[in-house]
Enquirer: 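To start, I am sharing the structure in question, which I have written as structure tokens.
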2 protein chains.
Amino acid sequence: MANIMATKIDSESDQTLVSRIEADLLAGHFRPGEWLKQADVEANYNANRFDVRMALLDLKARQLIEHIPNRGFRVINLSEREREELFETRSILETAAAKLAAERISDETIAELEAIVRQFEVQMETAELDELRALNGRFHDLLYQSSGNSLLAEEIKALRQRGLPGARGGGLAWRTMAGILQSHEDHVRMIALLRARDGDGLAEAICGHLNMWRKYLPKP
Amino acid sequence: MANIMATKIDSESDQTLVSRIEADLLAGHFRPGEWLKQADVEANYNANRFDVRMALLDLKARQLIEHIPNRGFRVINLSEREREELFETRSILETAAAKLAAERISDETIAELEAIVRQFEVQMETAELDELRALNGRFHDLLYQSSGNSLLAEEIKALRQRGLPGARGGGLAWRTMAGILQSHEDHVRMIALLRARDGDGLAEAICGHLNMWRKYLPKP
DNA sequence: ATTGCCAAAATGGTAGCCAATTTCTTCGAT
DNA sequence: ATCGAAGAAATTGGCTACCATTTTGGCAAT
């Protein structure tokens with residue numbers, strides 16, 4: 001009896017507490033700078049105080065939230081400057097990884113990438129934004145994993161995630177349909193460049209892709 | 001009375017527990033793969049169980065130690081492959097940062113760097129290895145901070161540190177005096193390249209500097 | 001020598017307490 | 001009425017203790 005109850009209660013949390021909060025953070029379900037009060041998290045995620053503390057510490061270590069002593073934790077809120085630095089650093093890592101990937105990627109993996117891009121194309125009009133965001137993430141993760149350097153890939157992933165919390169609509173230029181379409185076309189082009197083993201071209205494409213959002217900013 | 005006692009007891013730990021353990025890790029005072037049992041740490045650092053746990057979690061987040069469920073924490077022990085990946089990634093970031101630094105660094109900061117190098121030269125024969133290691137760290141930190149991108153600098157610092165735990169003698173090619181001397185000469189050369197604003201040359205120097213240790217390996 | 005079993009050791013999840021700090025509220029003074 | 005200060009409420013966070021789970025290590029039996 002008690003076991004069944006416990007299972008039922010936990011049913012919605014087949015994932016760990018951290019990953020549930022993380023998912024909400026990366027999906028932009030919190031506002032930048034929003035306070036994550038322990039009591040609230042405790043209630044909203046149906047967890048106990050200790051787990052909440054551990055989860056928040058974990059997320060803090062990954063810089064998705066920040067910690068202010070005696071105040072608590074709040075969603076990261078990057079300054080203009082920090083955002084610049086983030087994109088500069090991502091450009092460095094991602095262009096380098098792209099060049100490596102162009103050399104090392106296998107034909108099978110290119111096919112996998114293409115499958116993701118196709119799925120993106122199909123779901124672009126119907127699916128929810130979160131779904132598209134997930135596909136986008138899978139595309140880039142797989143691409144950078146193909147660099148053959150998984151530490152590099154992890155580093156890139158971590159940096160990408162740091163830009164997401166509090167960024168509405170997935171965080172890039174994805175506020176507009178045009179942005180999403182542009183993103184998709186970039187991906188198609190990347191596949192072609194991978195097939196052509198054009199590392200430099202790919203790097204350039206990545207750079208443009210990364211800085212795409214600038215075109216869609218309210219006030220540049 | 002009690003206050004004075006407390007202060008005295010804490011006197012040796014004016015730094016936090018994490019930074020004390022961290023210092024020992026980075027100085028190579030633990031062996032790679034060595035277990036950090038909670039009880040031992042508790043005793044050796046004169047701390048309580050809770051603080052130890054928090055400290056170990058923190059160090060785990062920075063990948064200086066790893067955590068195996070129900071076994072505990074142990075000093076990171078990089079595989080050959082992981083070490084390759086680490087250096088490849090560092091090369092990418094550090095050469096990029098060096099190029100930026102060559103553009104953006106001020107004359108004052110170059111002078112600061114030179115001061116560190118001079119101090120290194122003076123202390124090379126007399127000072128302890130830990131002292132030299134600290135100076136080396138300050139040199140590289142300041143250099144990469146001069147890229148004007150502090151996120152980039154932090155990232156580089158974190159990656160550098162990940163290579164240190166368990167690496168005897170500071171972790172690089174610093175097992176031999178020749179390695180230390182080589183390192184110093186590299187630094188001198190870097191200063192010259194900075195003065196000449198030769199970003200590409202500097203990047204190349206960094207690359208060689210980073211991969212210097214290969215020459216001094218027991219079995220390549 | 002190998003296997004199985006039991007005891008000892010260690011981890012790690014949990015509850016709960018209370019001091020320090022911040023935030024909110026209320027009250028009083030100008 | 002506004003501002004400021006004192007006090008109350010809320011919140012964080014450091015800490016102790018407990019014990020279930022798991023692993024480890026040793027000992028005995030085959």
Side-chain angles (χ1 to χ4, degrees), chain A residues 1-22 25 30-31 33-77, chain B residues 1-22 25 30-31 33-77:
Chain A
M1 278 277 262
N3 280 338
I4 295 167
M5 280 289 287
T7 315
K8 269 216 163 164
I9 290 172
D10 289 7
S11 66
E12 108 182 84
S13 64
D14 54 271
Q15 300 190 1
T16 65
L17 179 59
V18 258
S19 43
R20 286 197 294 150
I21 305 179
E22 180 190 349
L25 278 167
F30 296 101
R31 294 183 199 167
E34 180 176 348
W35 288 102
L36 291 178
K37 296 189 185 178
Q38 295 182 12
D40 293 351
V41 179
E42 205 175 332
N44 294 334
Y45 292 87
N46 191 45
N48 64 45
R49 186 60 137 255
F50 191 79
D51 286 342
V52 169
R53 278 199 212 175
M54 298 306 260
L56 293 178
L57 281 175
D58 194 333
L59 296 168
K60 171 205 163 197
R62 288 190 257 157
Q63 314 242 50
L64 300 182
I65 61 180
E66 65 179 339
H67 178 242
I68 288 101
N70 291 316
R71 297 288 305 281
F73 298 84
R74 64 169 152 185
V75 179
I76 205 77
N77 190 8
Chain B
M1 279 277 259
N3 281 337
I4 295 168
M5 281 289 286
T7 314
K8 270 216 163 165
I9 290 171
D10 289 7
S11 66
E12 109 182 85
S13 63
D14 55 272
Q15 300 191 0
T16 65
L17 179 59
V18 259
S19 43
R20 287 197 292 150
I21 305 179
E22 180 190 349
L25 278 167
F30 296 101
R31 294 185 200 164
E34 180 176 347
W35 288 103
L36 291 179
K37 297 187 185 179
Q38 295 182 11
D40 292 351
V41 179
E42 205 175 334
N44 293 334
Y45 292 87
N46 192 44
N48 64 45
R49 185 62 135 251
F50 188 79
D51 286 340
V52 169
R53 279 199 211 174
M54 298 307 258
L56 293 178
L57 282 174
D58 193 335
L59 296 168
K60 171 204 162 196
R62 288 190 259 157
Q63 314 243 50
L64 300 182
I65 61 180
E66 64 179 339
H67 179 242
I68 288 101
N70 291 316
R71 296 290 303 282
F73 299 84
R74 64 169 152 184
V75 179
I76 206 77
N77 189 8

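Within every chain, numbering begins at 1; the chains are lettered A, B, ... in the order of the sequence lines, protein sequences first and strands thereafter.
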Enquirer: Choosing from dT12(D), dG12(C), dT11(C), which nucleotide comes nearest the side chain of K37(A)?
Expert: dT12(D)
Enquirer: Measure the spacing between CG of L56(B) and CG of L17(B) and express it to the nearest 0.5 Å.
Expert: 8.0 Å
Enquirer: Rounded off to whole Å, could you give me the CH2-to-P distance for the W35(A) and dT21(C) pair?
Expert: 16 Å
Enquirer: Looking at CG of N46(B) and CZ of R20(B), how far apart are the two atoms once the value is rounded to the nearest 0.5 Å?
Expert: 7.5 Å
Enquirer: At what angle, to 10 degrees, do the two end axes of the helix from dA1(C)-dT30(D) to dT30(C)-dA1(D) meet, given five pairs define each axis?
Expert: 10°
Enquirer: How long is the line joining CD of E42(A) and P of dA10(D), in whole Å?
Expert: 15 Å
Enquirer: Show the distances under 3.5 angstrom between N or O atoms of the protein and N or O atoms of nucleotides 5-8 of chain D.
Expert:
none

Enquirer: Expressed in angstrom and rounded to an integer, what is the separation of F73(A) atom CZ from dT11(D) atom C1'?
Expert: 12 Å
Enquirer: Can you sort out which residues in residues 48-55 of chain A have a heavy atom within less than 4.0 Å of DNA chain D? Ascending by number, please.
Expert: R49(A), R53(A)
Enquirer: Would you compute the distance between atom CD1 of I65(B) and atom CG of N77(B) and round it to the nearest 0.5 angstrom?
Expert: 13.5 Å
Enquirer: Going by the rule salt bridge (Lys or Arg N to Asp or Glu O under 4.0 Å), which residues pair with R74(A) if we only count those two or more places apart in sequence or in a different chain?
Expert: E66(A)
Enquirer: With a 4.0 Å heavy-atom cut-off, tell me which residues in residues 62-72 of chain A come close to DNA chain C, sorted by residue number.
Expert: N70(A), R71(A)
Enquirer: Looking only at heavy atoms, what is the nearest atom pair of A55(B) and V18(B), with distance?
Expert: CA-CG1, 3.4 Å
Enquirer: Check the pair L57(A), M54(B) against side-chain contact (heavy atoms from CB on, under 4.5 Å), reporting the backbone distance first and the verdict last.
Expert: CA-CA 9 Å; L57(A) 281 175; M54(B) 298 307 258; 3.1 Å; yes
Enquirer: When rounded to the nearest 0.5 angstrom, what is the spacing between CG in D51(A) and OH in Y45(A)?
Expert: 14.0 Å
Enquirer: Which class fits the ring pair H67(B) and F73(B): parallel under 30°, tilted 30 to 60°, perpendicular over 60°?
Expert: tilted
Enquirer: To the nearest 0.5 Å, how far apart are CD1 in I76(A) and CG in L59(A)?
Expert: 11.0 Å
Enquirer: Under 3.5 Å, which donor-acceptor pairs link side chains of residues 33-42 of chain B to any protein atom two or more places apart or in another chain?
Expert:
| residue | atom | partner | partner atom | Å |
| --- | --- | --- | --- | --- |
| E34(B) | OE1 | R31(B) | N | 2.7 |
| Q38(B) | OE1 | R49(B) | NE | 2.8 |
| E42(B) | OE1 | R49(B) | NH1 | 2.5 |

Enquirer: What's the CG-P distance between L57(A) and dG14(D), to the nearest Å?
Expert: 9 Å
Enquirer: Give, for atom CG of L25(A) and atom CD1 of I21(A), the distance between the pair rounded to the nearest 0.5 Å.
Expert: 7.5 Å
